[in-house]
Trainee: 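Below is one structure. I have some questions about it.
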Amino acid sequence: MIQLKGICKSYQRPDEGPLEVLKNVDLSINEGDYIAIVGPSGSGKSTLMNILGLLDRADSGEYLMDGDDVSELSPAKLAKLRNEKIGFVFQQFHLLPRTNAIENVEIPLIYSNADKPEERAIGALKSVGLGNRMKHFPEELSGGQQQRVAIARALVTDPELILADEPTGNLDKTTGEDLMDLLQQLNADGRTIVVITHDENLAKRAKRTVHIDDGRLNELRAVAPGSNASPTETQLGGAA
Amino acid sequence: MNTKLLFAGSARMMMRYKMRTFFMAIGIVVGVTALVFMRAMGVGAERAIMATVNKTFTTATINVVAGGGHLGPRAGGPVTSLRMADFEAIKNQLDGVVLTGAMQWLPGQDIRYRGNTRQMSIYGYTDQTEAVWLRGVRDGEYFTAADIDSAARVAVIGTRAAEALFGDEDPIGKQIQAGSVPLRIKGVLELQGIDTHGADKDDEIHVPVTTLMRRLMNVDHVFAGRVIIDNPDNVEAVGEQIKALMRERHSLSEGEPDDVVVITPKLVQDIVSNANRVLGRYLPAAAGVALLVAAIVIANIMLIAVKERVPEIGIRKAVGAESRQINFQFLTETVVVALTAGVFGVGLGIIAALVYDSLSEVPMVVTPGSVALGLGAALVVGILAGVMPARQASALDPVNALR
Ligand SMILES: Nc1ncnc2c1ncn2[C@@H]1O[C@H](COP(=O)(O)OP(=O)(O)O)[C@@H](O)[C@H]1O
Ligand SMILES: [Mg+2]
């Protein structure tokens, strides 16, 4: 689905030389993948995700989506691709205040031509287990529920890829695990998922774990393609 | 893009951020209210004055006033060349002239009846006044041609003047004193009210113009006169003929200026509507300044709102909003608030105008044009105020916005 080849990204620093955040990164994401990206704080995980999510451009390298090079597309074309193919989940949820769950989930549909937006939003909320919280404002929801609203918002356009940047970072342990169960469920339903975390335990639930350090990627562990073992079993097996 | 959903969201934000909406709206509400109210006052005044002008000045009327080419007080003393005979000549020599009537006036005279004294203007008219100046008597009778010929010591009196001098007594047949001249009251004038110069037309007396000239003023010229013609379309042409005839009769040579002013209805209407521009245009311009201030306030509130809503803008872009859609959204939000405020302002302006109309003597007229002006002003303010914040919002980089 996505191939990154030789992606480099650096930021200019005022006094020192440029900060090289991503150095020659290669990554390929296949349909149905569930990838965890782990690495210490400041290692470039979010930078990589912003590039993957077409929110940011690499300085150099190749980005193929479904075989097409997207690195030269106009901002408007990129916005359309984000709307149709990618769903974002952020650590800070980023729900609009004073806007209820349905209204939050509807936002991506403002920018698409999908009909019946309210029905779609309700469906997405039900699929994340919030069928009974649809008129609630973010201020009236727990952190875990807010993040579920955010996931519903990511799902509402039925994208192929869900990108989650430390989705459990603001949640307590149990809530975080519930949320990871939900992501796992989505993947089991066929959705491709990339999740960033620095919690190695959560990362073990993924089918593939990619480590990022000093701007370089290392794939630590992968479930062999064609294996029908669930990631949980792999993880348990690995831990045994 | 699903515009319906976007508008619904903007309307929601307006309702849910009530304080912000209130402070954005208040300036426009006040400005538009003032604009509609002042326009109502200007239009009302213009219509009222025009109605008075048209009432006292039928369309086939030409006024001829002694004076060197301009109205109002003149330097160099009064012009004494205009005579009653000039109006006889106008009537006899010019085609289409139906009636003429000369007049003279003497302001601020003490009029006495027994112990009572009242200061008022004395007007001298001919027996044609009812037809020429459209004013007759409500009681008794007006002067006759014989009164004019003999410079009779008679008068007709305005209602307020009569009340002041006679109280409950019937003034008709009573004798009053104007200086040393005794005058017998023949009638009471029809009510007329305040004229365009602010003079109370019910607080004056009329005497035969000959009586005023010979017995009270000791002059042989008149101050002005009126010419009625048969066809309103010819007022300008006959006006020119009158000027030429007056130059000839007053033996003015080539280079000398006119010694009379010829006033046609068109000239009067032009002067009046010019005076009304002050009410109709400059006062609304003051409301325009208030609206400009409102625009600056709104722009600032929106700029603050854009800063507060940085994550919202980031998330919108992340889920597929193009920059121009963000721009459109923020501009729309400002314009929706501004237009809503404009509707309130127009409503309040109309209510204020109606209330003021019923509580005061000032006539207030709200026209569809004034309503459109109010709404248009609100729209313009909304767009002016919204452009810059919307541009800032749309220019945000989503990566930075979501950090
Ligand atoms: N816009 C930017 N300008 C300058 N430096 C940046 C910018 N964004 C990120 N960085 C730096 O790049 C590095 C990687 O950032 P990030 O991808 O957010 O790391 P992670 O998500 O792994 O914590 C950090 O050192 C961060 O300070
Ligand atoms: Mg990060």
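Protein chains get the first letters and strands the later ones, always in sequence-line order, with residue 1 at the start of each.
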Trainee: Within a reach of under 6.0 Å around CD of Glu139(A), are more than 12 heavy atoms found that belong to other residues, nucleotides or ligands?
Mentor: yes
Trainee: What part of Leu96(A) gets within 4.5 angstrom of chain B, counting heavy atoms only: side chain, backbone, both, or neither?
Mentor: side chain
Trainee: Are Asn2(B) and Ser112(A) packed together at the side-chain level, in the sense that at least one heavy-atom pair is separated by less than 4.5 angstrom?
Mentor: no
Trainee: Has His198(A) got more than 12 heavy atoms of other residues, nucleotides or ligands less than 6.0 Å from its NE2?
Mentor: no
Trainee: Contact part of Ile315(B) toward chain A, heavy-atom cut-off under 4.5 Å: side chain, backbone, both or neither?
Mentor: side chain
Trainee: Tell me which of these, Asn113(A), Leu95(A), Asn50(A), Ile110(A), has more heavy-atom pairs under 4.5 Å with chain B than the rest.
Mentor: Ile110(A)
Trainee: Could you tell me which portion of Glu312(B) (side chain, backbone, both or neither) has an atom closer than 4.5 angstrom to a non-hydrogen atom of chain A?
Mentor: both
Trainee: If I take atom CG from residue Leu6(B) and atom CD from residue Glu106(A), how far apart are they, to the nearest 0.5 angstrom?
Mentor: 11.5 Å
Trainee: Heavy-atom distances under 4.5 Å only: say whether Thr99(A) touches chain B with side chain, backbone, both or neither.
Mentor: both
Trainee: Just so I know, are the side chains of Arg403(B) and Phe90(A) near enough to count as touching, which here means a heavy-atom distance under 4.5 Å?
Mentor: no
Trainee: Less than 4.5 Å to any heavy atom of chain B: does that hold for the side chain of Ala114(A), its backbone, both, or neither?
Mentor: backbone
Trainee: Tyr17(B) versus Pro97(A): any side-chain heavy-atom pair under 4.5 Å?
Mentor: yes
Trainee: Is the count of non-hydrogen atoms from other residues, nucleotides or ligands lying under 6.0 Å from Lys23(A) atom NZ greater than 12?
Mentor: yes
Trainee: Atom CE of residue position Met14(B) - does it have more than 12 heavy atoms of other residues, nucleotides or ligands inside 6.0 Å?
Mentor: yes
Trainee: Keeping Asn83(A) on the side-chain end and Val319(B) on the backbone end, is there a donor-acceptor pair under 3.5 Å?
Mentor: yes
Trainee: Which value, rounded to the nearest 0.5 Å, describes the distance between Arg16(B) atom CZ and Glu103(A) atom CD?
Mentor: 4.0 Å
Trainee: Taking side chain as everything from C-beta outward and backbone as N, CA, C, O, which of these in Arg324(B) sits under 4.5 Å from a heavy atom of chain A? Side chain, backbone, both or neither.
Mentor: neither
Trainee: Do Leu402(B) and Gln92(A) make a side-chain contact, defined as non-hydrogen atoms from C-beta onward lying under 4.5 Å apart?
Mentor: no
Trainee: Can you check whether Gly320(B)'s main-chain N or O pairs, donor with acceptor, with Arg82(A)'s side chain at less than 3.5 Å?
Mentor: no
Trainee: Tell me whether the guanidinium CZ or amine NZ of Arg316(B) lies under 6.0 angstrom from the six-membered ring centre of Tyr111(A) and within 45° of its axis.
Mentor: no
Trainee: Please report the shortest heavy-atom distance between Leu5(B) and Pro117(A), naming the atom on each side.
Mentor: CD2-CB, 3.8 Å
Trainee: Step through the shown structure and confirm whether more than 12 heavy atoms of other residues, nucleotides or ligands are within 6.0 Å of CZ on Phe137(A).
Mentor: yes
Trainee: Side chain, backbone, both or neither: which part of Arg12(B) has a non-hydrogen atom closer than 4.5 Å to chain A?
Mentor: side chain
Trainee: Give a yes or no on whether a salt bridge exists between Glu322(B) and Lys77(A), defined as a side-chain N under 4.0 angstrom from a carboxylate O.
Mentor: no
Trainee: To check you understand the geometry: which heavy-atom pair defines the closest contact between Ala79(A) and Ala321(B), and what is its length?
Mentor: CB-O, 4.0 Å
